[in-house]
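Structure, as C-alpha cells:
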Amino acid sequence: MADGSDRARVIDGKAFAARLRERVTGAVHDLRAAGVTPGLAVILVGEDPASQVYVRSKHRQCLEAGMESFEHRLPADTSEADLLALIRRLNGDEAVHGILVQLPLPRHLDSDLVINSIDPRKDVDGFHISNVGLLGTGQKAMIPCTPLGCLLLLRDLHRDLSGMEAVVIGRSNIVGKPMAQLLLRENCTVTIAHSRTRDLPAVTRRADIVVAAVGRPEMVRGDWIRPGATVIDVGINRLPGEGKERLVGDVHYDSAAAVAGAITPVPGGVGPMTIACLLANTVVACARLHNLPEPEGLTA
Ligand code: NDP
C-alpha cells in the first residue's frame, strides 16, 4: 500500500540477498588481499533430504563469493565422541573461520552439547550459549542468520524501528527468541507470542510489525493484521501440490497482502536472506579472528 495501490509492497528478499552477497564478495576480496581467505566448515550428519539441499546451496554460494568451503558429511550413526573430535579439530584449524552443524541432528546426538563445543568466535549460526548471552545483554555477538536477515530487511524498509509495536509469533531458540532480542535492541516494544497465547489475532492486530515463525501453513490471516503493518513471514512449509510440492509461509499471503503495508513473499522473502547472512557472519568472524577491520554493512 506504500505505492498507493490496494496491495502491500512486496519485500524482495531475493534482490536484497543478492546485494548482501555482493558486499560479502567485496569484503572477501579485501580480506584475501590482506592474506586471509574466509572459510566455512559445514557438518552434516545423516541424510535428511532438506538438509542436503541447504548444505549444497551453502557450499555453492561460499565458492561464488570467493570463500573456502569445507564439507564434512558424516554417517547417521556417527558417535557423539567422533563429532565432538571433529569440532575440536575445526576449532583449531586456522583455515576455518565459521563452523556450522546442520540441524536437526539425529536423535542420539545432544544438539546443545554439540553446538556449545564450537568455538563461540566461529559459531556463525549464533546458537552457542555465549553468543545467546552476548545478544541478550546487548553485546557484540554472532547473530543467528534468519533473524539477522529479517532485521536487515526491516531496517531497509523503515530505517528507524524505535517505538514500533512488534509481535513475534514463535519462541524457538533459532528464530523467535533471537528475533525478539534484536527488535528489542532496536527499541521496539516487543511481544513474543506462542502456542499458549490467548486470542492471538487480537495480539497481532496491535502490531506495526508481525514476524511469523511458527511452522503452520498460512495460519496468520489478513484479518489478524493491522492495516499498513509490516509482515515478515519466516515460515517454510511444504504442501503436497498437483505434481510437485508447493511452498507456503506461515502467513496467508493473499489475504495479508490486501491489508499489510509491506510483506515478504514465500518463497523469495526471508529464505534467501538466511544463507546470505551466513556468508556475512563468516566474513565478520574471519575479520574478528584476525583482528582486521570489520567489513561494514554485513551485520546488525
Ligand atoms: P519451532 O517449531 O521450533 O517453533 C515454533 C514456534 O511456534 C513455537 O514457539 C510454538 O510455540 C509456536 N507455535 C506453534 N503453534 C502455534 C500456534 N498455533 N499459535 C501460536 N504459536 C504457535 O519452529 P522454528 O522456529 O524452527 O521455525 C518456524 C518456521 O520458520 C518454520 O516454518 C521453519 O520451517 C521456518 N524457518 C525458516 C527459516 C528460513 O531460512 N526462512 C530458518 C528457520 C526456520 P510453543 O513454544 O508454545 O510450542
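As the structure is a prediction and not an experimental result, all values here were calculated from the model. Remember, it's 1-based here, ligands and their atoms both numbered in the order they're listed.
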Item checked: Numbered atoms of ligand 1 (with element) below 4.0 Å of Asn237, judged on heavy atoms -> 32 (O)
Next item on the list: Determine, using the 4.5 Å side-chain heavy-atom cutoff (strictly less than), whether Ile209 and Val214 are members of one ILVMFWY cluster.
Entry: no
Margin query: Quick one, Ile263 and Tyr253 - any side-chain contact, counting heavy atoms below 4.5 Å?
Written below: yes
Margin query: Can you tell me which portion of Val214 lies within the under-4.0 Å heavy-atom range of ligand 1? Options are side chain, backbone, both, or neither.
Written below: both
Margin query: So which atom in Arg205 and which in Ile225 form the shortest heavy-atom distance, rounded to 0.1 Å?
Written below: CG-N, 4.1 Å
Notebook entry, point to check: For atom 9 (O) of ligand 1, which protein heavy atom lies nearest, and how many Å away is it?
Noted result: Arg171 N, 2.8 Å
Margin query: Which of the numbered atoms in ligand 1 are under 4.0 angstrom from any heavy atom belonging to Gly271?
Written below: 41 (N)
Next item on the list: Check each atom of ligand 1 against the heavy atoms of Ile174 and keep those under 4.0 Å away; list them by number with element.
Entry: 26 (O)
Check: Who's the nearest protein heavy-atom neighbour of atom 36 (N) of ligand 1, and how far?
Finding: Val234 O, 3.7 Å
Next item on the list: Look at atom 3 (O) of ligand 1 and say which protein heavy atom is nearest, naming residue and atom and giving the distance to 0.1 Å.
Entry: Ser172 CB, 3.3 Å
Next item on the list: Determine yes or no for a side-chain-to-main-chain donor-acceptor pair under 3.5 angstrom, with Asn116 supplying the side chain and Asp112 the backbone.
Entry: yes
Notebook entry, point to check: What is the minimum heavy-atom distance between Leu135 and Pro178, and which atoms define it?
Noted result: CD2-CB, 4.0 Å
Check: Listed by chain and number, what are the salt bridge (Lys or Arg N to Asp or Glu O under 4.0 Å) partners of Glu294, not counting sequence neighbours?
Finding: Lys140, Arg288
Checklist line | Closest non-hydrogen atom pair between Gly126 and Val132, with its separation | finding: O-CG2, 4.1 Å
Next item on the list: Any atoms of ligand 1 less than 4.0 Å from a non-hydrogen atom of Val270? List them with their elements.
Entry: 41 (N)
Next item on the list: May I ask you to identify the nearest protein heavy atom to atom 21 (N) of ligand 1, giving residue, atom name and distance to one decimal place in Å?
Entry: His194 C, 3.1 Å
Item checked: Best match, Thr146, Leu103, Leu200, Thr264: closest heavy atom to atom 42 (C) of ligand 1 -> Thr146
Next item on the list: Look at Asp119 together with Arg121 and state whether they make a salt bridge at an N to O cut-off of under 4.0 Å.
Entry: yes
Check: What is the minimum heavy-atom distance between Leu31 and Pro38, and which atoms define it?
Finding: CD1-CG, 3.7 Å
Next item on the list: State, with a plain yes or no, whether a side-chain heavy atom of Leu86 is found less than 4.5 Å away from one of Leu74.
Entry: yes
Checklist line | Protein residue, atom and distance nearest to atom 48 (O) of ligand 1, heavy-atom basis | finding: Ser195 OG, 3.6 Å
Next item on the list: Report yes or no: does Met219 have a heavy atom closer than 4.0 Å to ligand 1?
Entry: yes
Item checked: Proximity flag Ala213 to ligand 1, non-hydrogen atoms under 4.0 Å -> yes
Checklist line | Set of residues satisfying salt bridge (Lys or Arg N to Asp or Glu O under 4.0 Å) with respect to Arg56, sequence neighbours excluded | finding: none
Check: Closest non-hydrogen protein atom to atom 40 (O) of ligand 1, residue and atom name please, with distance?
Finding: Thr274 OG1, 2.7 Å
Check: Among Asp233, Ile275, Ile236, which residue places a heavy atom closest to atom 32 (O) of ligand 1?
Finding: Ile236
Notebook entry, point to check: To which protein heavy atom is atom 15 (N) of ligand 1 closest, and what is the distance rounded to 0.1 Å?
Noted result: Arg216 NE, 2.7 Å
Checklist line | Sub-4.0 Å heavy-atom approach of Thr197 to ligand 1 | finding: no
Item checked: CG-CG distance between Leu90 and Leu40, expressed to the nearest 0.5 angstrom -> 10.0 Å
Check: How close does the nearest protein non-hydrogen atom get to atom 43 (C) of ligand 1, and which residue and atom is it?
Finding: Val175 CG2, 3.8 Å
Margin query: Give the atom numbers and elements of ligand 1 that come within less than 4.0 Å of a heavy atom of Gly170.
Written below: 6 (C), 7 (O), 9 (O)
